[in-house]
Amino acid sequence: MLHPLRETVRQAVKTLVERQFGIVLPDVAVEFPPNATLGDLATPVAFEVAKRRKAITGEKHAPRDIAQTLADGLRTVLPDFERIEVAGAGYINLFLNRAETLLRALNAPPGVHAPRFRGKVIVEHTSVNPNKAAHIGHLRNAVLGDALVRLLRATGETVEVHNYIDDTGVQVADVVVGFVHIEGRSLGEVAAIDGKFDDYCWDLYARVGTWYAEDESRLRWRTETLHAIERHEGELAALGAHIAERIVHCHLATMERLGIRYDVLPCESAILRLDFWAEAFERLKAAGAIVYEAEGRRAGCWVMRAGQEAATTDDEHDADKILVRSNGTVNYTGKDIAYHLWKLGILERDFHYRAFHRYADGHTVWMGTAAEADDASAPPTFGRGAAYLNVIDVGQSYAQEFVRRGVMSLAPDALRDAVAASAHVAYEKVALTPASCLELGFELSEADRQRPFISMSGRKGLGVKADDLLDRLESKALAHVQAHQPTLSETEQRTIAHKIAVAAVRYFLLKFARTTLIAFDFADAMAEQGETGVYLLYSLVRVAGIRRKLREAGLDCPNPAAVLAGNHTQLEAWLRDEGKTANEFWTLIGLVLRYDTVLVEASETLEPSVIAKYAFQLAQAFSGFYNRHNIRHEPDEVRRAFLLALVSLVESRLRAALDVLGIDAPERM
RNA sequence: GCACCCGUAGCUCAGUUGGAUAGAGCGUCUGACUACGAAUCAGAAGGUCAUAGGUUCGAAUCCUGUCGGGUGCACCA
């Protein structure tokens, strides 16, 4: 509700300042005052104007006088506001009519339609190597990416969700080596392994790591396997494909537990075998975007030169990025450039597609493959996006910058803004606290025990698996549900426990800002009090409780707005401040009204934590309200309708915010 | 060496892009349930925003230096 108003104020102030003072401001700050007695929106623009006037005329002007002039002018052009006042040294505070605004809000759906992109946005997230179970670091990526997808869709964007599958890399090769050389298994024997295949590979992958360390000559098996996979020939390649296929199914199942889904899974093998890179390579050469190193230690390589701002080259480090090795093979960054050219429709070719998995509701995930599909089912059109957003850890910033520059170098003029609109959504990793490592049974040196965090390592088998964390959260939640809801069936109890677990893990991963490193601690992640997903659910369960009790008592009020509309004076009285004490109801409503501004901010900064923080703040404000006012025992019918109106306002925004976070609340818990 | 990120309460973190009195959760201490569910609420204590300068009406936020921490710059993926 406040977003359009805020933009109107911004524009009005801007034009007024230009007309009254002849000053053109690049942008005008319109913010939320610290409390409701200071208005609903405010601008400190008079300070800025005073500064600029002094610079022009040389004489001092009191910000308060300027604010007064502006406030007078704004009153005539901003009829939405009941009062516009000057406060403090020169703030301009704008006040809405509270009763009218409340009535209007009750009829307005939450959210905002404010697409920023010119077309379909391609969000890539998860992209876990298909050789072992997903751990909580992968989970942060997926949860962040999924929240971003939901956020963009909520603001009116069309989004296509990609999960890139590196099915030809070292990581898959290493597990192949493990099966063949450590366990001596054939493809048929591997296929016969039952149980959780991703867990099996997790352990095997760690064994391969130590097996290599015992005798480095064993690394030749990795090379041999890698080559076989690249040539797509023989039993080793078939085994690699089998492993990747099965692990991807495991990852989809893990993510589906959290309600995270995808549209398409482009495979690296296809990028190679369908000559995505070959085309990109020729065009990069023709555009002069890459150069051939004729001499020096990188003789024979094709490299992309570093930009001005990048790290500099010295004896030990080379700032330029190799895309093609001296043996003629392309590396990861080169392949990524080809993939991203395809994402924006700059490449001429396309993947073949086969239906990989169908969710319960019928939605199909397609895999982008090299082989033509057997069945005749037609996939939708993928790629050709108006922008790409890559949820990839911050450690990849350097490589991502080269991807961006590579794509830009081949983008036709019409697509240059698509590249400009694209972004690397960088996030920090999840590490483990020493306490968590010990809890997992890992030995730590004395020095490691003193460190603030320990990095996870798939190669060492050091990490918390996503499914294990979810299992622990679910069983803990189930114990509570059984205690609180003994009459429900076990199926119902488990459904509720599952929702609680999802809320807990999603909120835990989203409450941190993207660039904050999470030192994972079991006690923190499993907490069910305070700032947690559980707290958020509890608020909505209380709402459901209120409604249930009112129904049982025959005190239903399906349309509080209708009751309130005829009691305008009473409403105004209930919403009035007491001197310098802000009215508690209006303060709560003010928070509700900000929901759309929060969505816009999160979308512009690609930062879902903003929504997580908002949801908690709203839930917290509601809990206070809930404890102070008992609706069920409120004798006055109009007052009851009033309180109930606030409940439904909070409910609609809180539910919408949780929806963006991927959290679904149960009726009871 | 160079580039990027970071340093806020005992701990874990926010901080509306330079604004009004720096906020939460956990932990500590006080209180509040035969209930519209206490998985909660009300309250208290706890801060030279790493540090020294600078910019300005105004700085946790911008600039510079210093100290401390993290990451990246591999012919890897």
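Proteins come first, then strands; the chains are lettered A, B, ... in the order of their sequence lines, and each starts at number 1.
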Task: Neighbour count >12 (heavy atoms, 6.0 Å) for atom CD, A:E667 - done: no

TODO: Look at A:R53 together with A:E59 and state whether they make a salt bridge at an N to O cut-off of under 4.0 Å.
DONE: no

Open item on the list: Taking only the P atom of each, what is the distance from B:rA45 to B:rA52 in whole angstrom?
Closed with: 27 Å

- [ ] Say whether A:Q171 and A:D166, considering side chains only, have a donor N or O and an acceptor N or O under 3.5 Å apart.
- [x] no

TODO: In plain terms, say whether A:E268 and A:K335 are close enough for a salt bridge, that is, a side-chain N and a carboxylate O under 4.0 Å apart.
DONE: yes

TODO: Report which part of the nucleic acid A:T329 touches: base, sugar-phosphate, or nothing (heavy-atom distance under 4.0 Å, all strands).
DONE: nothing

Task: B:rA60 and B:rA22, which share atom name P, separated by this distance in whole Å - done: 9 Å

Task: B:rG19 versus B:rG58 - spacing of their P atoms, nearest Å - done: 15 Å

Task: Rounded distance (nearest 0.5 Å) linking atom CZ of A:R653 with atom CG of A:L593 - done: 7.0 Å

Open item on the list: Using a heavy-atom cut-off of 4.0 Å across all strands, would you classify A:P34 as base, sugar-phosphate, or nothing?
Closed with: base

Find every protein N or O atom lying less than 3.5 Å from an N or O atom of nucleotides 60-62 of chain B, and list the pairs.
none

- [ ] Grab the CD-C1' distance between A:E401 and B:rC4 for me, whole Å please.
- [x] 11 Å

Task: Minimum-distance nucleotide (side-chain atoms of A:E31 versus B:rG19, B:rC41, B:rG18) - done: B:rG19

Task: Distance in angstrom units between A:L591 CG and B:rU16 C1', rounded - done: 12 Å

Task: Interatomic distance where CZ belongs to A:R451 and C1' belongs to B:rG68 [whole Å] - done: 15 Å

- [ ] Could you tell me whether A:K51 contacts a base, only the sugar-phosphate backbone, or nothing, with contacts defined as non-hydrogen atoms closer than 4.0 Å?
- [x] base

Task: Interatomic distance, A:N93 CG vs B:rA20 C1' [rounded to whole Å] - done: 9 Å

Distances under 3.5 Å only, N/O to N/O: pair up the protein atoms with those of nucleotides 75-77 of chain B.
{"residue": "B:rC75", "atom": "OP2", "partner": "A:R298", "partner atom": "NH2", "Å": "3.0"}
{"residue": "B:rC75", "atom": "O2", "partner": "A:S326", "partner atom": "N", "Å": "3.0"}
{"residue": "B:rC75", "atom": "O2", "partner": "A:S326", "partner atom": "OG", "Å": "3.4"}
{"residue": "B:rC75", "atom": "N3", "partner": "A:S326", "partner atom": "OG", "Å": "2.7"}
{"residue": "B:rC76", "atom": "OP1", "partner": "A:R325", "partner atom": "NE", "Å": "3.3"}
{"residue": "B:rC76", "atom": "OP1", "partner": "A:N331", "partner atom": "ND2", "Å": "3.2"}
{"residue": "B:rC76", "atom": "O3'", "partner": "A:R325", "partner atom": "NH2", "Å": "3.3"}
{"residue": "B:rA77", "atom": "OP1", "partner": "A:R325", "partner atom": "NH2", "Å": "2.4"}
{"residue": "B:rA77", "atom": "OP2", "partner": "A:R325", "partner atom": "NH2", "Å": "2.2"}
{"residue": "B:rA77", "atom": "O3'", "partner": "A:D166", "partner atom": "OD2", "Å": "2.4"}
{"residue": "B:rA77", "atom": "O2'", "partner": "A:D166", "partner atom": "OD2", "Å": "3.0"}
{"residue": "B:rA77", "atom": "N1", "partner": "A:Q396", "partner atom": "OE1", "Å": "3.2"}
{"residue": "B:rA77", "atom": "N1", "partner": "A:Q396", "partner atom": "NE2", "Å": "3.4"}

- [ ] Take the protein atom CD of A:E607 and the nucleotide atom C1' of B:rU16, then report the distance between them rounded to whole Å.
- [x] 13 Å

Open item on the list: Say we look at B:rU12 and B:rA59: how far apart would their P atoms be, to the nearest angstrom?
Closed with: 28 Å

- [ ] Starting from the 5' end of RNA chain B, give me the residue, A:F32 or A:I518, whose nearest nucleotide shows up first.
- [x] A:I518

- [ ] Let me know which of A:K321, A:R325, A:R305 forms a salt bridge (Lys or Arg N to Asp or Glu O under 4.0 Å) with A:E293.
- [x] A:R305

Task: Heavy-atom pair of closest approach, residues A:T37 and A:G579 - done: CG2-O, 4.2 Å

Open item on the list: Centre-to-centre under 6.0 Å for A:Y339 and A:F276, is that the case here?
Closed with: no

Task: Pairing of A:R297 and A:D318 as salt bridge, 4.0 angstrom limit - done: yes

- [ ] In whole angstrom, give me the gap between the P atoms of B:rA20 and B:rC49.
- [x] 15 Å

Task: A:Y91 over B:rA20, stacked by centroid distance under 5.5 Å, angle under 30° - done: yes

Open item on the list: Nearest whole Å is fine: how far is B:rU12 P from A:F512 CZ?
Closed with: 10 Å

Open item on the list: Looking at A:R542 and A:E651, is there a salt bridge between them, counting it only when a charged N and a carboxylate O are closer than 4.0 Å?
Closed with: no

Task: From A:S539 atom OG to A:F616 atom CZ, the distance as rounded to the nearest 0.5 Å - done: 9.0 Å

Task: Cation-aromatic face contact A:R140/A:F520, 6.0 Å, 45 degrees - done: no

Open item on the list: Using whole Å, what does the distance between atom C1' of nucleotide B:rA20 and atom CD of A:E85 come to?
Closed with: 15 Å

Task: Pair A:N141-A:Y427, side-chain donor/acceptor within less than 3.5 Å - done: yes

Open item on the list: Under the criterion ring-ring contact (aromatic ring centres under 6.0 Å, His included), I'd like the reasoning laid out for A:Y535 against A:Y507: C-alpha separation, chi angles, the key distance, then a yes or no.
Closed with: CA-CA 10 Å; A:Y535 182 97; A:Y507 189 81; 9.2 Å; no

- [ ] Check whether NZ of the Lys or CZ of the Arg A:R594 lies under 6.0 Å from the centre of the six-membered ring of A:Y614 and within 45 degrees of that ring's axis.
- [x] no

Task: Side chain of A:F47 (C-beta onward), nearest among B:rA39, B:rA20, B:rC57 - done: B:rC57

Open item on the list: For a quick check of understanding: with a heavy-atom distance under 4.0 Å over all strands, which category does A:A42 fall into, base, sugar-phosphate or nothing?
Closed with: base

TODO: May I ask you to check if A:R459 and A:Y212 form a cation-pi contact, with NZ or CZ under 6.0 angstrom from the six-membered ring centre and within 45° of the axis?
DONE: no

Open item on the list: For a quick check, with a 4.0 angstrom heavy-atom cut-off, what is the B/S/- contact string for nucleotides 22-38 of chain B, read 5' to 3'?
Closed with: --SSS---------BBS

TODO: Could you check whether A:G395 gets within reach of a base, just the sugar-phosphate, or nothing at all, counting any heavy atom under 4.0 Å?
DONE: sugar-phosphate

Task: Paired and unpaired positions of RNA chain B as dot-bracket, Watson-Crick or G-U wobble under 3.5 Å, | denoting a partner strand - done: (((((((..((((.....[...)))).(((((.......))))).....(((((..]....))))))))))))....

Are any protein N/O atoms closer than 3.5 Å to N/O atoms in nucleotides 5-7 of chain B? If there are, list each pair with its distance.
none

TODO: With sequence neighbours excluded, tell me which residues meet side chain to side chain contact (heavy atoms under 4.5 Å, CB included) with A:V394.
DONE: A:S397, A:A426, A:E428

Task: Inter-nucleotide C1' distance (B:rU30, B:rG23), Å rounded - done: 22 Å

Open item on the list: Using the C1' atom as the point on both nucleotides, what is the distance between B:rC11 and B:rG46, in whole Å?
Closed with: 12 Å

Open item on the list: Rounding to an integer number of Å, can you tell me how far A:L478 CG sits from B:rA39 P?
Closed with: 17 Å

- [ ] Classify the nucleic acid contact of A:R6 as base, sugar-phosphate or nothing, counting any heavy atom under 4.0 Å across all strands shown.
- [x] sugar-phosphate

TODO: Using the P atom on both, measure B:rG53 against B:rG47 and round to a whole Å.
DONE: 22 Å

- [ ] Tell me, yes or no, whether the heavy-atom count around A:E637 atom CD, taken from other residues, nucleotides or ligands under 6.0 Å, exceeds 12.
- [x] no

Open item on the list: Any carboxylate oxygen within less than 4.0 angstrom of a Lys/Arg side-chain nitrogen, looking at A:E224 and A:R220?
Closed with: no

